[in-house]
*Asks:* 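I have a structure I would like to understand better, so I am pasting it below and will then ask my questions one at a time.
The first residue of the sequence shown is numbered 1, and numbering continues consecutively from there. Keep in mind that what you see is a predicted model, and the values were worked out from it rather than measured. Indexing begins at 1, ligand by ligand and atom by atom, following the structure's order.
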Amino acid sequence: KLGMAYKKDDNFGEWYSEVVVNSEMIEYYDISGCYILRPWAMEIWELLKEFFDAEIKKLKLKPYYFPLFVTENVLQKEKDHIEGFAPEVAWVTKSGKSDLEAPIAIRPTSETVMYPYFSKWIRSHRDLPLKCNQWCNVVRWEFSNPTPFIRSREFLWQEGHTVFATKEEADEEVLQILELYRRIYEEFLAVPVSKGRKSEMEKFAGGLYTTSVEAFIPNTGRGIQGATSHCLGQNFAKMFDITFENEKGERSMVWQNSWAYTTRSIGVMIMTHGDDKGLVLPPKVAPIQVIVIPVPFKDADTTAIKGACESAVYSLNQAGIRADLDARENYSPGWKYSQWEMKGVPLRIEIGPKDLANKQVRIVRRDNGTKVDIPSADLVEQVRMLLDGIQANLLETAKQKRDACIAPINTWDEFTAALNEKKLILAPWCDEEEVEKDVKARTKGDLGAAKTLCTPFDQPDLPSGTVCFASGKPATTWSFWGRSY
Ligand SMILES: O=C1CCCN[C@@H]1CCCn1cnc2cc(F)c(F)cc2c1=O
Ligand SMILES: [Mg+2]
């Protein structure tokens, strides 16, 4: 509970498992790949949801809830949509002692659950655009090493599924949602991400194109997909016969998007900001932003000290700041400091007899450990400034660490060297799928093969004559490559 046995830079995997448990976010469960999400994690999920849900409501998304279960023939409606995924599908085969007539799948994603009904509900252009979002869990029985938040067999997400009359509307929304995902990561979780397009090989096979926000974990040198926003084109319209009568009375197929972010986002935040004392929470997502701790002294007036703590908490809460009082009698101040540091609370306020006498409080920052004494009269404004400062500092520090890992390369040898140095590789590529397959084959190994992470929208200058690092053919784009989660 108190103190960490593992150091982040020495044993990242063990450090991570310890932090998520000691901070009371996760409890391990007796089914591999399944975890209990405790309040310290769920409150973060709820703060993210509050932002995202309000934003998509501005975009006219409507809330739905579709069934958890999918019949076999519906799930397999289109082979290439779930071809490679079949091993991940979890099936219900019995109820009680008796077998079900036909096995029923638990949703791994909801296209096949929803789209037959989109087909039924959409008749004319007046039924468009249809904008559906659901907050739910999905199950994917993955076998690669399970990691809390990052890779679990059940996870929480939102899945947006939208239907438009024109490709232009779909293309526009794909980027609007991607920008919301960037905001989730950079403005709330203080995690820098790159917006880009997935390669033909890495994109959602059922769609037309995939965009994503990509993060990077310097400790492991691995990229990680933060969220995805797909344009499905008319592929699912064809599959599920989703057509509408346009203004001219012609029957045409709809254009669709689908997009999601998941509880994985919490794991990325933990990996990015955590340190050897535990979690470091960005204030925007901290369930408690300020913890106030009375520091009694042998014969000091403990009642007056507690009163001062309570009024500090009260005025902070009145100002919309999530503050709490830790007045537990059975723990020493020192123990409390360590425990709230482990939980990553951005600010700690200590009030002892001296502070009381001087009408001040001592504030300690979790991100850089600095201590400052401020007059109680300035409490709310100073705390607000400190919280904003911590939020900005966390993003800036993470950006600098990530940028320090970016390795622009031109040749194969530079590529393999950068890969072994756990870099986020920026390479000129001919954008050919065969070459991507070849790089995967040539870099196979215990740590996993290298792959494209995304082709960033923000393209550096590509001098004419630049050749692809892997094929020697003319390069057409700069892409991020690396090992990934
Ligand atoms: O990524 C998104 C956004 C939200 C809606 N879905 C899309 C594509 C999901 C891609 N995907 C991802 N994983 C899957 C796992 C399965 F077991 C399975 F049957 C199907 C899939 C599958 O289609
Ligand atoms: Mg998967």
Side-chain angles (χ1 to χ4, degrees), residues 33 52 56 61 64-66 68-92 103-115 117-118 130-147 149-163 170 173-178 180-181 184 197-198 200-214 222-233 235-236 239-240 256-265 267 448 451 453-454 484-485:
F52 190 79
I56 59 175
L61 268 293
Y64 288 71
Y65 186 77
F66 283 80
L68 174 70
F69 304 108
V70 207
T71 60
E72 189 169 15
N73 58 352
V74 166
L75 185 75
Q76 290 165 346
K77 179 94 185 173
E78 169 65 8
K79 285 286 165 286
D80 77 11
H81 163 217
I82 73 155
E83 100 240 26
F85 293 122
E88 293 179 17
V89 180
W91 295 92
V92 179
I104 290 173
I106 298 176
R107 69 180 166 226
T109 181
S110 300
E111 282 79 358
T112 56
V113 177
M114 294 174 166
Y115 297 176
Y117 299 92
F118 287 9
L130 184 148
K131 299 189 172 185
C132 152
N133 183 72
Q134 75 174 2
W135 293 91
C136 66
N137 62 331
V138 285
V139 172
R140 296 175 185 176
W141 217 256
E142 305 213 30
F143 288 89
S144 45
N145 51 324
T147 309
F149 298 113
I150 299 295
R151 195 181 298 107
S152 51
R153 286 174 159 170
E154 176 187 12
F155 56 86
L156 306 181
W157 74 350
Q158 58 60 227
E159 49 180 322
H161 296 263
T162 51
V163 190
E173 192 211 50
V174 166
L175 298 181
Q176 285 175 316
I177 299 298
L178 196 68
L180 289 181
Y181 291 148
I184 285 266
R197 186 169 170 146
K198 286 285 188 186
E200 281 309 293
M201 185 170 103
E202 292 301 328
K203 79 173 189 183
F204 170 30
L208 181 59
Y209 64 84
T210 292
T211 68
S212 66
V213 287
E214 299 290 333
R222 288 177 181 274
I224 185 162
Q225 183 178 286
T228 46
S229 183
H230 313 283
C231 176
L232 308 180
N235 300 354
F236 284 87
M239 243 188 266
F240 290 90
Q256 292 175 268
N257 292 338
S258 76
W259 28 270
Y261 84 98
T262 77
T263 35
R264 160 182 284 197
S265 53
K451 59 200 277 197
L453 302 166
C454 79
S484 76
Y485 282 87

*Asks:* Apply ring pair (Phe, Tyr, Trp, His ring centres under 6.0 Å) to residues F155 and F149 and explain how you reach the verdict.
*Replies:* CA-CA 8 Å; F155 56 86; F149 298 113; over 10 Å; no

*Asks:* Name the option, out of Q225, H230, Q134, Q158, that contains the heavy atom nearest to atom 1 (O) of ligand 1.
*Replies:* H230

*Asks:* How far is atom 5 (C) of ligand 1 from its nearest protein heavy atom, and which residue and atom name does that atom have?
*Replies:* E111 OE2, 3.1 Å

*Asks:* Counting heavy atoms only, which of Y261, F204, F85 is nearest atom 14 (C) of ligand 1?
*Replies:* F85

*Asks:* Using a strict 4.0 Å cut-off to heavy atoms of T228, name the atoms of ligand 1 that fall inside it.
*Replies:* 1 (O)

*Asks:* Any side-chain to backbone donor/acceptor pair from R140 onto P108? Under 3.5 Å, distance only.
*Replies:* yes

*Asks:* As an exercise, identify every atom of ligand 1 less than 4.0 angstrom from a heavy atom of A260.
*Replies:* 3 (C), 4 (C)

*Asks:* When rounded to the nearest 0.5 angstrom, what is the spacing between CZ in F236 and OG1 in T112?
*Replies:* 8.5 Å

*Asks:* What is the nearest protein non-hydrogen atom to atom 15 (C) of ligand 1, stated with its residue, atom name and distance?
*Replies:* E88 OE1, 3.3 Å

*Asks:* First locate atom CE of M114, then atom CD of E159, and finally report the distance between them rounded to the nearest 0.5 Å.
*Replies:* 4.5 Å

*Asks:* Say you draw a straight line from CH2 of W259 to CH2 of W157; how long is it, rounded to the nearest 0.5 Å?
*Replies:* 11.5 Å

*Asks:* Show which atoms of ligand 1 fall inside a sub-4.0 Å distance from at least one heavy-atom site of H161.
*Replies:* 5 (C)

*Asks:* Answer yes or no: is there a donor N or O on one side and an acceptor on the other, between the side chain of R153 and the main chain of V139, under 3.5 Å?
*Replies:* no

*Asks:* How far is atom 23 (O) of ligand 1 from its nearest protein heavy atom, and which residue and atom is that?
*Replies:* H81 NE2, 3.2 Å

*Asks:* Between P108 and ligand 1, find which residue part has any heavy-atom pair under 4.0 Å and reply side chain, backbone, both or neither.
*Replies:* side chain

*Asks:* When rounded to the nearest 0.5 angstrom, what distance separates CG in L208 from CG in L232?
*Replies:* 8.5 Å

*Asks:* Which atoms from ligand 1 have a heavy atom of W259 less than 4.0 Å away?
*Replies:* 3 (C), 4 (C)

*Asks:* Under a 4.0 Å heavy-atom limit, does W157 contact ligand 1 with its side chain, its backbone, both, or neither?
*Replies:* side chain

*Asks:* Of the protein's non-hydrogen atoms, which lies at the shortest distance from atom 13 (N) of ligand 1, and what is that distance?
*Replies:* R140 CZ, 3.2 Å

*Asks:* Checking side-chain contact (heavy atoms from CB on, under 4.5 Å) between K203 and each of R197, H230, K198, which is the one that passes?
*Replies:* K198

